[in-house]
Every structure is written in structure tokens, then in C-alpha cells.
Amino acid sequence: MSKRKNPSDNNNLNADFCEFLMELSDYEKNVSRNIHKFNAYKKAASVLASHSKRIQSGEEAKKLNGIGEKISKKIDEFLNTGKLKKLDDIHNDENAQIISLLTRVSGIGPVKAADLLNMGIKSIEDLRNNKNKLNHHQIIGLKYFEDFEKMIPRSEVRELENVITKEIKNLDPQFTITICGSYRRGRSESGDIDAQVTHPTLKLGDNKNKCHEKLLKNIIMALKGCITDVISMGETKFMGVCRLSNNHPFRRLDIRLIPKEQYYCAVLYFTGSDVFNKNMRSHALEKSFTLNEYSLRPIGVTGIPGEPVQIESEEEIFDYIDYPYQKPEERNM
DNA sequence: AATAGCCAGTT
DNA sequence: AACTGGC
């Protein structure tokens, strides 16, 4: 997933509240480094975004799950004054603004940003003059700072999908490739490209003989026409940069090699959305199953998960837990 | 009390 | 090997 904020829902009646809550959420993550406040603001924004009525008061908002006393008061302040003192203070805090800027570079998180600020680095230009203070990932993030903030039109993801699929199939037609993320959910634009790849011979136990250590490397080699940089490269996961043509921006590309028996759980998981996954996982629990990116396992009376259920398609996962099948386009929540 | 595991880099 | 930072 990318660093970019989720695009705001176009029929969100509470979009103005969501906007300030998301801004507070970013501040808590990047500047205060309080992950729990970050999650709390995000949850509040998300419940307001999916609320079908315009909220008229803090009191009304408080009835929603995830909105308590503090956020309720902020909604009242915003309704009464059109702004938030806390947010104004943040906007006037030069250091907070610098940290927020630096964390927009891929590879720079809250800790590194504070560290850089301590060393007197206050702008993207300062970063460009101090590349020696950055690791490989951060240098790539800086190099493509502007491009990585651009959304990718669906048509471009589709073209990249065609190129990637063609080159990998050319290596071996038995490969299966699925571009997941928001693209698979039918969105008109995406933040990055998230490809899952499997092969009939790619079995779980094979990790030992390391036969697929080379497999991912071969795939990356086959894609050298569009891959321009490697951020990281392990046995199962590639993170890097690709470009469709000289006329296109550079795009973030992740490729995962998944064993066959985990493929559909992985495709389901990486298609999201986050909220959909959470809902589906909790439904699975009600049906005494535990679901993650690797497997679906029944939970016995002892409470201990059993052996993974054998899965041959995404639909089967829904069937097993008696959850109505939802097409990827219906999972945008 | 609050999603989780992979990868890179450091100690 | 354990830990940190980022995704």
C-alpha cells in the first residue's frame, strides 16, 4: 500500500470532518508517534465517511462506534468555529510541518524524519544535498519523490499488467499473475502496483531446497524492460520501481511469489480493502475459522487452529465460512 | 486494549 | 541473534 491518503469518497456527507480527522491522524502517526491515537482518528474518519446522514452535532456523532468524548468535542468546535485550534497549532509548528514533509518520502518514517530534523535537514532540497544520510530505499524515494505521489490511471495499470503478464508467461506459461490492490477492486486510479505470482510447482515445503530463490530473480530479470530500480529483493518479495515508457511517471511495484496452496488467501488479502478484510476475518471467527493472508484454518473446541483448509479459488474461501461472495468491485469499503 | 509478517540495515 | 524502521 502507498503512503498517499485514501481518496475521499465522493458521496461522503461528512467529508469535512473526515478531512480534519485524517490530518490529525497523520500528525499522531508521523509527529507524535502515537500509533493508537493515529488509529483512533482513522477509525473515526472511516465511520463518519460511511455514515449516510450529515452529522449535525458532536452529540450525534458520539453515538457512532469509534467516536468518544474528545472527537465529539472537536466536531462541535469545528461546527461552531469552522476550524480547530489543535490543527491551527499544528500548522504553525514549523518542526511538525518539516516532519510531515520528510515522511512523504518513501522509506522515511516518523523516526528517520525526526532524526533528519535533528541534523538540521528541513526540506526536500536539503535531503538532495545530504544523500549520505539516507539508505538505499530512501534514496530511491527521494529520486522519485514527485512521481510516487501521483496516482496511476487504471489504463496504465492495465498496460503494465499486460507487459508483466506477457513477460512472466514468456518465462513459463504455467505462471499465474494477479494484480491486486485497488486496481482489482475496479478503482479508476491506484497508488501502486501489487502483483501476486504463483506456479503449480511452487509448494510450501519447497522453501528448503531453495529452488524458488532464483525464481523471483528470473522474474525480475524478465521484466528488466520496465523495472528501473530495486528497493529490496528477498526470496519471496520484490519491492521496486517500474515505468511503462519514457513518457510515463515512475511507479512503485511490488511482486510477491506465493506457494500455490496459499495463493487465493493471498489474492483475497492483498485485494482488500482493509475494512473488507477486517469484516471478513471477524465473520470467519464467528464461524470458528481463522483467516489470514496464508490460510483458512478451522478453530477446534480447544480454540487451537487446525490444519489449513485446501483452497482452489477465492470463492471457496467465502463458501467455507458461509459468507456471501462479494466481487472485488464490491469490496471497496 | 489497540492487524501482521517480510525485508534491509544495524548492533 | 535481536532489534529497529518501514511498508
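Keep in mind the model is a prediction, meaning the values are calculated, not measured. Naming: A, B, ... by sequence-line order, numbering from 1 per chain.
Along DNA chain B, the nucleotide nearest to A/Lys278 and the one nearest to A/Lys237 differ in position, and the one closer to the 5' end is contacted by A/Lys278. Nearer the 5' end of DNA chain B, as judged by each residue's closest nucleotide, is the contact made by A/Asn292, out of A/Ser232 and A/Asn292.
When each of C/dC7, B/dG9, B/dG5 is scored by its nearest atom to the side-chain atoms of A/Arg252, the top-ranked nucleotide is C/dC7. Comparing C/dC7, B/dG9, B/dG5 by their nearest atom to the side chain of A/Asn135 picks out B/dG9. For A/Lys112, the side-chain atoms get nearest to C/dG5 when compared with the rest of C/dC7, C/dG5, B/dG9. Checking C/dC7, C/dG6, B/dC6 against the side-chain heavy atoms of A/Ser106 singles out C/dC7 as nearest.
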Show the numbers, then the answer: is there a ring pair (Phe, Tyr, Trp, His ring centres under 6.0 Å) between A/Phe20 and A/Phe78?
-> CA-CA 9 Å; A/Phe20 80 67; A/Phe78 187 79; 4.8 Å; yes
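Cation-pi geometry between A/Arg104 and A/Phe145 is not met at under 6.0 angstrom from the ring centre and within 45 degrees of the axis.
Under 4.0 angstrom from either OP1 or OP2 of B/dC6 there lies no side-chain N or O belonging to A/Tyr269. Taking side-chain N and O atoms only, A/Asn39 has a distance below 4.0 Å to OP1 or OP2 of B/dT3.
A salt bridge between A/Arg184 and A/Glu329 is absent, with no side-chain N of the basic residue lying under 4.0 Å from a carboxylate O of the acidic one.
Side-chain polar atoms of A/Glu161 and A/Tyr183 form a donor-acceptor pair below 3.5 angstrom.
Here C/dC7 presents its P atom at 18 Å from CD of A/Glu293, a figure rounded to the nearest Å.
C/dG5 sits 15 Å from B/dA4 when the C1' atoms are compared, rounded to a whole Å.
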